[in-house]
Structure formats: structure tokens, C-alpha cells
Amino acid sequence: MIRSAVTVCLVPEASAGPFVFHGDLPGACREAAALGFDAIEIFAPSGHHVNPHSLQRLLEQHNLGLAAVGTGAGMVLHGLSLCDPDESSRERACRFVKAIIDFGAPFEAPAIVGSMQGKAAGALDKQGALDNLANSLRELARYAAEQGQNLIFEPLNRYETDLVNTLSDGAALLDTVGADNLKLLADLFHMNIEEASIAEAISKAHGKIGHVHFVDSNRRAAGLGHMPYEPIAEALAASGYEGFASVEAFPLPDALVAASMTMQSFRRYLAG
Ligand code: LER
Ligand code: MN
């Protein structure tokens, strides 16, 4: 069974980012539960920002899970990346992600590595950057495995990284890293830009997908663009995907409409 989740951004510097709820964690949990979501996904400034006991109470109160925790604030706030040519900066990037793994683990919520993969961007040759990234991910996947957790790696579109743009690039990286608990994130927005066929890419990544960002072609809520959801849903079902479909979309026309549109599309295409 695929479960639904909705994103909550707690990073003021990312207030223009593609997250449904911003700033108010208790309010977001209340709305998410009222709309029937199973879980929230948090984008936090660090692994130390949210008090785990308060979060536990909040989630219990609303019967919600924690689907995943984003690590992108390491890049947005501190310019950290897991492919950095400087070893001590790379270590800082790994420490930042480890703190988020520690935060998520008691909630069984994996950390997501998206923009923290960094870019080669001329500073490094691409292979050198990919080697650094693979070494960082190997260390982080081992760290997550010690806590019984997956680590989620997200291919991003070409305007955000020059390293890993497609699920098949991601699958090749997973092979290099060689950790069973390292899984891919299929973000339908990035895939709409990069994949020849979103459904075929999902089918080929069979068994390797650990999380889905459920969104439309224009990064608005599912149903407000031209994403071909039927073949995508069929491909996810055929591959036995049982993780979260988490809405990472702009709060347009507002957060509540975006969240409830997504829930309608989730029920239409992915639930049951
Ligand atoms: C994060 O999940 C994402 O999709 C990225 O576009 C953020 O940079
Ligand atoms: Mn995403």
C-alpha cells in the first residue's frame, strides 16, 4: 500500500521553495490530518531544530507518521555538499546529514539527500565529484543502516545539479556505493524534465525506489498540470512500491487547496 505524506518547511530561507506548508508545524499537522494524510515530511534547518518529544506528541495527537526528513538546508544555509573537493567541508556535510539521520531514525523516517549531492560545476571533473559523492553516501548509508534506516538519494533536474539527473544515473550510483539500504527518490517534477518516459524509468528502477515526490509537471499539486498519472501509477503498482507518495509542491493557489487537490489525486491514482 502506498501512503500519503505532505511537506512542511521549517527553513525561512526556503519560504519560496516547493513545500506545501511553511513555518507552523502544529498547524501543518492539524491540516494534514484533517485532509486524511498519513504522514508529514519535514524540511528542517538541521537535525537539532525540532524537539523530538514535542514532535512525537504532535504526531500521536494527529495520528500521523513522519515519512522522511530533507537535508537540503545543509546546502541552502551552509553551502555544504557531499561531493566537495575539500575533505573537511565534505566531512562537515556528512556530519550535517548524520544529525538528520539521528533525528529521523526514532520515527523510522529516512533522511533524503537531494541538493546535498552538490555539483561538479567546473570546480571538479564530473567523475571526481561522483567518486566523492559515492564515498560520502557509502559512509552515510552505513550510518543509517546501524539505526535500521534507509537513506534516500534524489536525482535532480539539470538546472539543480550536473551529477545525477535520472533514475538510471541514480541506479548506477547505487551500484557504485553498494549499500542495500540506499534507495532512490522518484520526484515526478525532476523526472518530467529529465526522463524520456517517467513510467518506464520507474519500471526499470524496480526495487530501488524508496520514496516518491508526488507532484505535477509544473511543480504544482497533482492535478494542476499535465503529468500522465495513470501509467505512472501502473508502473509503481507493478514494481510493488510500498513507500510514501509525498507532496512536494508549491502552495498554489494556497497550501490548503494544494494539499486537498493532491489528496484527491492520491485517492484517484495511488490509493488502494
Ligand atoms: C528536494 O526534494 C528537491 O526536489 C529539490 O528540487 C530541492 O532542491
Ligand atoms: Mn524532491
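Side chains are part of it too, since the values below use all heavy atoms of this structure and drop only hydrogens, waters and symmetry mates. The structure presented is a predicted model; accordingly, all values stated were derived computationally and were not measured.
Of the possible polar contacts, none joining the T176 side chain to the A134 backbone as a donor-acceptor pair under 3.5 Å is found. Side chain of R138 to backbone of V177: a donor-acceptor contact under 3.5 angstrom is found. Checking side-chain atoms of Q117 against main-chain N and O of E154 turns up a donor-acceptor pair under 3.5 Å. When atom types are taken as modelled, the side chain of D84 and the backbone of S89 share no donor-acceptor pair closer than 3.5 angstrom. Judged purely by atom type and a 3.5 angstrom limit, N181 has no side-chain atom pairing as donor or acceptor with the backbone of N150. Side-chain atoms of S239 never come within 3.5 Å of backbone atoms of H206 as a donor-acceptor pair (strictly under, hydrogens ignored). Remark: the backbone N or O of K119 is not paired with any side-chain donor or acceptor of T161 at under 3.5 angstrom.
Between R57 and Q61, every side-chain heavy-atom pair lies at or beyond the 4.5 Å cut-off. Put simply, the side chain of L256 reaches to within 4.5 Å of the side chain of E31, judged on heavy atoms. Residues R90 and N132 have side chains in contact (heavy-atom distance under 4.5 Å, counting atoms from C-beta outward). Residues I202 and V212 form no side-chain contact, since every pair of their non-hydrogen atoms from C-beta on lies 4.5 Å or further apart. Inter-residue side-chain proximity for V11 and L77 is flagged as met; some heavy-atom pair is nearer than 4.5 Å. Taking the side chain as every heavy atom from C-beta outward, P155 and D169 never approach each other to under 4.5 Å. In this structure the side chain of L35 reaches within 4.5 angstrom of the side chain of S260, judged on heavy atoms.
To the nearest 0.5 Å, the span separating CG on N157 from CE on M191 amounts to 12.5 Å. Here the CZ atom belonging to F189 is positioned 9.0 Å from the OG atom belonging to S217, to the nearest 0.5 angstrom. Here the straight-line distance linking atom CG of L140 with atom CG of L82 works out to 6.0 Å at 0.5 Å rounding. The distance from the CG atom of L185 to the CG atom of L156 is 9.0 Å, given to the nearest 0.5 Å.
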Practice task
Begin with the C-alpha distance, continue with both residues' side-chain angles, and end with the deciding distance and a verdict on side chain to side chain contact (heavy atoms under 4.5 Å, CB included) for H190 and E160.
Solution key: CA-CA 9 Å; H190 298 302; E160 297 193 30; 3.4 Å; yes

Exercise for the section: Please step through side chain to side chain contact (heavy atoms under 4.5 Å, CB included) for the pair V8 and F43, ending with a clear verdict. Expected result: CA-CA 6 Å; V8 186; F43 186 77; over 6 Å; no

Practice task
Run the numbers on K183 and I152 for side chain to side chain contact (heavy atoms under 4.5 Å, CB included), then give the verdict.
Solution key: CA-CA 5 Å; K183 301 287 182 192; I152 306 290; 4.1 Å; yes

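Atom CG of N63 has 12 or fewer neighbouring heavy atoms from other residues, nucleotides or ligands inside a 6.0 Å radius. Dense packing is recorded around CG of N51, with more than 12 heavy atoms of other residues, nucleotides or ligands lying under 6.0 Å away.
For the pairing with L184, the side chain to side chain contact (heavy atoms under 4.5 Å, CB included) check across V164, L173, L167 returns one residue only, L167. With respect to L151, the side chain to side chain contact (heavy atoms under 4.5 Å, CB included) criterion is satisfied by exactly one of T71, L137, I112: L137.
In this model, a donor atom of one side chain and an acceptor atom of the other lie less than 3.5 Å apart for S246 and E41.
Using a 30° and 60° split on the angle between ring planes, H211 and F244 fall in the tilted class, from 30° to 60°.
Legend: salt bridge (Lys or Arg N to Asp or Glu O under 4.0 Å) pairs involving residues 196-213, not counting sequence neighbours: none detected.
For N218, there are no side-chain hydrogen bond (donor to acceptor under 3.5 Å, both in side chains) partners two or more places apart in sequence or in a different chain.
Because its NZ or CZ atom is not both nearer than 6.0 Å to the ring centre of F250 and within 45° of the ring axis, R220 does not count as a cation-pi partner of that residue.
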Do any side-chain atoms of residues 94-111 form donor-acceptor pairs under 3.5 angstrom with protein atoms, and if so which ones, sequence neighbours left out?
residue: K98; atom: NZ; partner: E139; partner atom: OE2; Å: 2.7
residue: D102; atom: OD1; partner: Y143; partner atom: OH; Å: 2.7
residue: D102; atom: OD1; partner: Q147; partner atom: NE2; Å: 2.7
residue: D102; atom: OD2; partner: Y143; partner atom: OH; Å: 2.9

